[in-house]
Amino acid sequence: MSEEKNQSLIEHLGEFRKRLIMTIIFFLFAFVASFVFCADIYRLLTYPFSKKLLVLGPDEVLGIYVTLAGICALSFTLPFASYQLWAFIKPGLKEKEAKMILTYIPATFILFVGGLAFGFFVITPALLNILLSIGEDLFNVQVTARNYLEFVLHTSLPIAVVFELPVIAAFLTSLHILTPMFLTKNRRYGYFILLVLAVVLTPADFISDLAMTVPLVLIYEISISVSKYIYKKREG
């Protein structure tokens, strides 16, 4: 019996290793493809500025390209990685559970990209206008390409990640790991964690922290509603 368990464990580890390697290869291909179009991506991100942004050296240009390609590759790899995870756990699921969880895969990509778009088109411009207007009579603010892109990432990427909470809540509820009662009971702790994330991941000012916290709290509440729906459907 022990040998059978060891053999089964080795097979599972081998399967996990194979799917992990496939995911890494997919990420590398997506990274190379994204790197080719980095100039177009950069123009899209810097469209609010009528003038070219400053760079302080050729190494910054490379750093910007690598960062942009990495974010794009991560976005494209997310649904592929989700499918590989689903395929790995599928043998241990009931057919109904497997089909239900499979539907979450497109949602991971849609919510991640939606979070990036919300952060970039809503949160980032609002914060940028407020912060630049605060000292416009006192300072001559020089915005470099690196400063701006770091600001965009700090205000958009955390929202994109947290936008995945409803999918994660639905996924864990489907697997009988999470319940809406747990999320409701620990709401204040969830709010506190989201507040800490907002403070850590955003620029160090109260306005940015507040602007980041509000959508994160809304996402948490949506996650509770999604978990309740899955829980009732599962129990029914």
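These values consider heavy atoms only, across backbone and side chains, with no hydrogens, waters or symmetry-generated copies. Because the structure is predicted, anything quoted here is derived from the model rather than measured.
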Peer 1: Give the minimum heavy-atom separation between Leu183 and Leu178, together with the two atoms involved.
Peer 2: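 Looking at all heavy atoms of both residues, the closest pair is CD1-CD2, 3.9 Å.
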
Peer 1: Just wondering, are more than 12 heavy atoms of other shown residues or ligands nearer than 6.0 Å to CZ in Arg146?
Peer 2: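 No.
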
Peer 1: Would you compute the distance between atom CZ of Phe192 and atom CG of Leu195 and round it to the nearest 0.5 angstrom?
Peer 2: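 Here the rounded value is 7.0 Å.
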
Peer 1: Does the ring center of Phe163 lie less than 6.0 Å from the ring center of Phe112?
Peer 2: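 When the ring centroids of Phe163 and Phe112 are compared, they turn out to be at least 6.0 Å apart.
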
Peer 1: Locate the shortest heavy-atom distance separating Arg43 from Asp40; write the atom from each residue and the value.
Peer 2: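 Of all heavy-atom pairs spanning Arg43 and Asp40, the closest is NH1-OD1, 3.1 Å.
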
Peer 1: Shortest non-hydrogen contact from Leu216 to Leu194?
Peer 2: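 Of all heavy-atom pairs spanning Leu216 and Leu194, the closest is O-CD1, 3.4 Å.
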
Peer 1: Using 0.5 Å steps for rounding, measure from the OG1 atom of Thr23 to the CG atom of Leu78.
Peer 2: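 One gets 10.5 Å once the value is rounded to the nearest 0.5 Å.
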
Peer 1: CG/Leu116 to CZ/Phe121 distance, rounded to the nearest 0.5 angstrom?
Peer 2: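 Rounded to the nearest 0.5 Å, the CG-CZ separation comes to 10.0 Å.
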
Peer 1: With rounding to the nearest 0.5 angstrom, report the CD to OG1 distance, Glu221 to Thr184.
Peer 2: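 So the gap between those two atoms works out to 8.0 Å.
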
Peer 1: After noting the C-alpha distance and the side-chain angles of Leu68 and Ser34, does the key distance pass the side chain to side chain contact (heavy atoms under 4.5 Å, CB included) rule?
Peer 2: CA-CA 8 Å; Leu68 293 179; Ser34 300; over 6 Å; no

Peer 1: Taking side chain as C-beta onward, heavy atoms only, is Leu153 less than 4.5 Å from Ile71?
Peer 2: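 Result yes, sub-4.5 Å side-chain heavy-atom pair found.
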
Peer 1: So, does Ser227 use its side chain to make a donor-acceptor pair with the main chain of Ser223 at under 3.5 Å?
Peer 2: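 Checked: no pair found.
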
Peer 1: Please tell me if the side chains of Thr108 and Glu164 come closer than 4.5 Å, counting only heavy atoms from C-beta onward.
Peer 2: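 A side-chain contact exists here, since the closest heavy-atom pair is under 4.5 Å.
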
Peer 1: If you define the side chain from C-beta out and look only at heavy atoms, does anything of Lys228 sit under 4.5 Å from Thr173?
Peer 2: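 Side-chain contact under 4.5 Å: no.
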
Peer 1: Report whether Leu172 and Leu111 are members of the same hydrophobic cluster (ILVMFWY, side-chain heavy atoms less than 4.5 Å apart, transitive linking).
Peer 2: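 Yes; tracing contacts between hydrophobic side chains, which count when under 4.5 Å, links both residues.
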
Peer 1: Could you check whether any side-chain heavy atom of Ile24 comes within less than 4.5 Å of a side-chain heavy atom of Leu20, counting everything from C-beta outward?
Peer 2: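 In contact.
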
Peer 1: Please name the pair of heavy atoms, one in Gly115 and one in Ile159, separated by the smallest distance, quoted to 0.1 Å.
Peer 2: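 In terms of heavy atoms, the two residues are closest at O-CG2, 3.7 Å.
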
Peer 1: Once rounded to the nearest 0.5 Å, what's the spacing between atom CD of Glu150 and atom OG1 of Thr67?
Peer 2: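 Here the rounded value is 8.0 Å.
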
Peer 1: Any link between Ile21 and Ile89 through a network of hydrophobic side chains (Ile, Leu, Val, Met, Phe, Trp, Tyr) touching at under 4.5 Å?
Peer 2: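 Each belongs to a different hydrophobic cluster.
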
Peer 1: Would you say Phe80 and Phe27 make side-chain contact, with heavy atoms under 4.5 Å?
Peer 2: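 Answer no - side chains too far apart.
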
Peer 1: Look at the side chain of Tyr220 and the backbone N and O of Pro215, then say whether any donor-acceptor pair between them is shorter than 3.5 Å.
Peer 2: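 No, Tyr220 side chain to Pro215 backbone: no donor-acceptor pair under 3.5 Å.
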
Peer 1: Between Phe35 and Tyr65, how do the two ring planes meet: parallel, tilted or perpendicular, split at 30° and 60°?
Peer 2: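 Judged by the thresholds at 30° and 60°, the geometry between Phe35 and Tyr65 is perpendicular.
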
Peer 1: When rounded to the nearest 0.5 angstrom, what distance separates CZ in Phe182 from CZ in Arg187?
Peer 2: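 Going from CZ on Phe182 over to CZ on Arg187, the span is 13.0 Å.
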
Peer 1: I'd like to check Ile105 versus Val167 (side-chain heavy atoms, cut-off strictly below 4.5 Å). Are they in contact?
Peer 2: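 Counting from C-beta outward, Ile105 and Val167 never come under 4.5 Å.
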
Peer 1: Does Thr124 reach the main-chain N or O of Gly119 with its side chain, forming a donor-acceptor pair under 3.5 Å?
Peer 2: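 Yes, Thr124 side chain to Gly119 backbone: donor-acceptor pair under 3.5 Å.
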
Peer 1: Mind telling me whether Phe171 and Tyr104 have parallel, tilted or perpendicular rings, with 30° and 60° as the class edges?
Peer 2: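 Tyr104 and Phe171: perpendicular rings.
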
Peer 1: Side-chain contact test, heavy atoms from C-beta onward, threshold under 4.5 Å: evaluate it for Met181 versus Tyr231 and give yes or no.
Peer 2: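 Result yes, sub-4.5 Å side-chain heavy-atom pair found.
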
Peer 1: Do Phe29 and Phe31 belong to the same hydrophobic cluster, where Ile, Leu, Val, Met, Phe, Trp and Tyr are linked whenever their side-chain heavy atoms lie under 4.5 Å apart, directly or via other members?
Peer 2: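 Unlinked, Phe29 and Phe31 end up in two clusters.
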
Peer 1: Looking at Val143 and Leu53, what are the two nearest heavy atoms and their distance?
Peer 2: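 Minimum heavy-atom separation between Val143 and Leu53: O-CD2, 3.7 Å.
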
Peer 1: Linking I/L/V/M/F/W/Y whenever their side-chain heavy atoms sit closer than 4.5 Å, directly or via other members, would Leu85 and Leu165 fall into one cluster?
Peer 2: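 The answer is yes; both residues are in one hydrophobic cluster.
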
Peer 1: Report yes or no: does Tyr83 contribute a side-chain atom to a donor-acceptor pair with the main-chain N or O of Leu102 at less than 3.5 Å?
Peer 2: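 Looks like no, no N/O pair under 3.5 Å.
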
Peer 1: State, with a plain yes or no, whether a side-chain heavy atom of Leu45 is found less than 4.5 Å away from one of Leu149.
Peer 2: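 A side-chain contact exists here, since the closest heavy-atom pair is under 4.5 Å.
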
Peer 1: Minimum heavy-atom separation for Phe120 and Leu44, please, with both atom names.
Peer 2: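 Shortest heavy-atom contact: CZ-O, 3.8 Å.
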
Peer 1: Is the number of heavy atoms from other residues, nucleotides or ligands within 6.0 Å of OH (Tyr47) greater than 12?
Peer 2: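 Buried by this count: over 12 neighbours within 6.0 Å.
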
Peer 1: Linking I/L/V/M/F/W/Y whenever any side-chain heavy atoms sit under 4.5 Å apart, do Leu62 and Leu54 land together?
Peer 2: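 No; Leu54 is not reachable from Leu62 via cluster members.
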
